[in-house]
Amino acid sequence: MNSPAVLPFDELHVKEPRRVEPSVLDLNARALEQLLAAFSKLEQGTLPREPIAPSHAQLVTSEQPGYGKSHLIGRLFRELNGRATMVYVQPFQNSGTVFQSLMLAVVRELHYPVRQDAAPWEPSEPTQLDLLAHGVLAHLLADLVLMRREIETDDPVKWADYLRANALTAFNRGDKNDSWANLLRTQWDSFATLYQEALARRGVVLSSPRAWLRVLLAYAFHPFDQALRQACLDWMCAQPCATEEQERIGLRRAEAVDPEMSAEQGNDLCRSRITDLCQLARFHRPFVFCFDQTEVYGHQPALARSFGMVIAALVNEAVNHLTLVTSNQDPWVKRIALHIEHADLERFAQPPVTLEGITRKQAEELIQLRLRSWEVDAGAARRFADPRWLAELFPSTGFQMGARRFLQKCKERWQPELILPAPELGELYRQECEKLLANPKRHYFEPDALQWVVEIAARGVPGIEVERVKDERYCPVRWKTADAVCLFGFENGSHWRRWQSIAQYAVRRNERAHLPVKTIFFRTPGQRPVPGSGWVVAAEIEEAKRSHLHLVALTLDEVVALYAAKDLFAAAAQGDIPNTEEEVFVFLRMQLAPWWTRLGGAIASVPIVTAVPLMESLPAEVRQIVERARFLSLDEVIAQLAAPATREAVLTACGAIPAIKVHSHPNMTVLQWQTG
Amino acid sequence: MIDEEKPKKRSVKTKVFGPEEARTEVLAKLAAARAKGKLGFTTAKTAAAKCEVYDTILNALEAEQVVFVDRSKVKPKYFLREFQPPEQSSEAVAGKLLETVRKAHPTVFGQTELRKVLTTKEKPLFARALAFLIERGDLHALTYGKKELYLHYPSLGEQLAKPASCDETEPAALDPGALRDAYRRLVAQTRFPAIEIAALQREAGLAGGILRGWLLEEYQAGRVVLSAGDWSLSDEQTREGAIHDRGERFLLVRFHE
């Protein structure tokens, strides 16, 4: 019997494309080449590049689930590491705020360390946005140096080349002792017009060039000022920021985001921000937007239509990007494409990129790769890959089967005594929760996931009538119960004026209704508290919170519990689990029952929960234990810790260590150390 | 006279472990193990040369049909032919399944319930036997969501006074060239290389049974690729074109072009 902690074939699905395992090189090599060829058109010329408009979006289809769509994305991300800014976009839920959702995904990606092996909690690591901002500033300054306007140097060509080639080091991230950084900082106002002129000379058309340059400068030159950097990110996402932060960034009043802006206006602003960012990509790297799990759109025609519109808008309006859409063939043809406008469908390249199954030769290679990564000895590996067994599975050279199906066969052969019936939905849900805990990129505020829970998962709950509403300013979803109305809003920002308006709206909304009206907003760990300390309107908001405004402060475990619901549904929609979407809905209605009660009930005096900070030494200790043992169960790690820690805390710590891969299994959770 | 013999050199006789010794040992151990069989003859400490001798002899004994090797598990198990465990044939397992479903008609069975009818040794042959029964038309698969339920098709046919076979048209002969042309026309229409088998059948004007049989052979030979598609999104017409093989059902086909 093989060791229960060695699970080389347990990973059947790719949930996080950046953590994809070593791959069989020629499996789907043609599809990968097609995508790389499409991307290479964006790399023509030297920086700063000319605007390169994409001709089409690339559609990657699979004949059945398990052919490796997400794995292909992972390989593409690996190939383009250092060459592109890659954005993985989760399905959106509100057709009225699709560009806001996309911008949120873009900004989260940009505000993440460049090095794939760097942990997100290392603030000294430059982010992708640091590189972009430094690239823009360095190239513009180089243009000024070359033009010999205002800036005199001994050798303009040499210095311009230096700035272009060493954008990050040239300014030393805004260090006060750095001469180039000082020049940029101290002379900004004098040169501001020249920078904008340089942008115009290069044909870069931005909706608000002065504001963009200010925001990029503030972000790039304040690497350790988290509040200021967050304000820059808020501005990019069309979220208002405090007056004090606006002033520190150097934004004029007209350039700041209006706190009273409607959702529609915010969406339009995000649309122009995205095209602006793609313009700025000429100074750095092209973008790759990857829309995965699109099967989820198949359940809501309006969303499918909006999705098509987003893709068409990117192709039509934005430059320097490759847009990639993945889908299983049948859901795409029979459920999604049907609802997309014909003109929008024309924006997809034809024919689509299609995936292939695995052949025997590739299967043999896959076995060796998996066994090697778990350090299985050569003899056992040879016995496992018995040619007679493989010949039974693959009767001929050209015979193909889905890679996931083959891995399932391997899993059954590796530990036949551990083969259990298909896991129950409760177990699958638990596994989704564990994966989310170990994925720090998914711990942020995701308005689409939260809206999905209260709008889609709550449908069919006895006593709750769910409606999508368009006439409510802040709240797109409404619940009607026997004795109350609940309105749900999804607000990411932390501006006092906006929250004052929301508080007033909550009170006003209640006054003109027959039934009591409760307005509900979610807050996730890491978001600033509402009301903030020192807000003049704090008393007014607190008063509203006591009566009609319910701010649900989610803990990390609660965030994960809600997001996992949507992920479980997405898995069913994609055919990754054997259960139907309807079965998942029935399960979730029961699993989330305490939530229906909590959200639909009276506002309780819920204590404000702030994020529990991760024990500082925990990631380092976990890292040490797993690196030493190579692979061991989660319980074994907990037993070896100096101080007691919960499973959730250890999994969260694992999320901060990219080298640790978490394998959730019905019997145990195994942590594997991955090198290379 | 005493013959003076040259003193003989005393040589140390090393015991050579050759094929003969290995053969004798293997046969003796397997005879002693009887029906229990033996998992192997070497350990991690056995010298590489000796392992090689054992491998050669075991392969030879298997080829001579003196020894039977059970490879259903990762580690092979060896038996003398006379102690070979009774082999479970797919046909026997299929017969057992069919009898259960026939007797219980019109009760329908899921895979879990059907599997329970079989013994532990018969279970590995379940998928093959089920596919065989469906392909032969003895069982009919009904779908409920993503689950599949099975009933005894001839009994249903009798009940409905309807012939069990749906292929009433005179089967046309299959022309691979014409079929490939039909496939290309459909690919040009749909822009996807994987097309529905039912659509191909209509386009080529072939009887379903002939086309499915031919495609299954081509699939085994690696000249076409069959894939599942999405059963839950398919209409009855599309499902009728499905090919069942080794517990899987395929709705789509892609030709290697």
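Below, chain A is the first sequence line, B the second, and so on; all start at residue 1.
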Side chain proximity check, A/Met401 to B/Glu248, heavy atoms < 4.5 angstrom: no

Other residues, nucleotides, ligands: >12 heavy atoms within 6.0 Å of B/Glu52 CD: no

Top contributor to chain B contacts, counting heavy-atom pairs under 4.5 Å, from A/Arg405, A/Glu582, A/Glu392: A/Arg405

A/Tyr67 portion near chain B, given a 4.5 angstrom heavy-atom threshold: side chain

Contact winner vs chain B - A/Arg383, A/Glu356, A/Gln329, heavy-atom pairs under 4.5 Å: A/Gln329

Part of B/Arg223 lying under 4.5 Å from any heavy atom of chain A: neither

B/Arg180 CZ: over 12 foreign heavy atoms closer than 6.0 Å: yes

Per-residue contact mode, B/Thr112 against chain A (heavy atom under 4.5 angstrom): neither

Within 6.0 angstrom of A/Arg305 CZ, more than 12 heavy atoms from elsewhere: no

Rounded distance [0.5 Å steps], OG in B/Ser227 versus CG in A/Leu355: 11.5 Å

Under 3.5 Å: donor-acceptor pair, side chain of A/Ser396, backbone of B/Gly222: yes

Option that, when pairs with chain B are counted at under 4.5 Å, heavy atom only, ranks first among A/Pro352, A/Gly379, A/Gly402: A/Pro352

Interface moiety of A/Asp386 toward chain B, non-hydrogen atoms closer than 4.5 Å: side chain

Options A/Gly357, A/Gly298, A/Pro331, A/Pro65, ranked by heavy-atom pairs under 4.5 Å with chain B, top entry: A/Pro331

Between CG on residue B/Leu233 and CD on residue A/Glu295, distance to nearest 0.5 Å: 10.0 Å

B/Gln220 to A/Pro395 - nearest heavy-atom pair and separation: OE1-CG, 2.9 Å

Contact winner vs chain A - B/Arg254, B/Glu196, B/Arg246, heavy-atom pairs under 4.5 Å: B/Arg254

Contacting region of A/Thr397 [heavy-atom separation from chain B under 4.5 Å]: neither

Within-4.5 Å side-chain heavy-atom neighbours: A/Glu63 and B/Val225: yes

B/Lys36 NZ: over 12 foreign heavy atoms closer than 6.0 Å: no

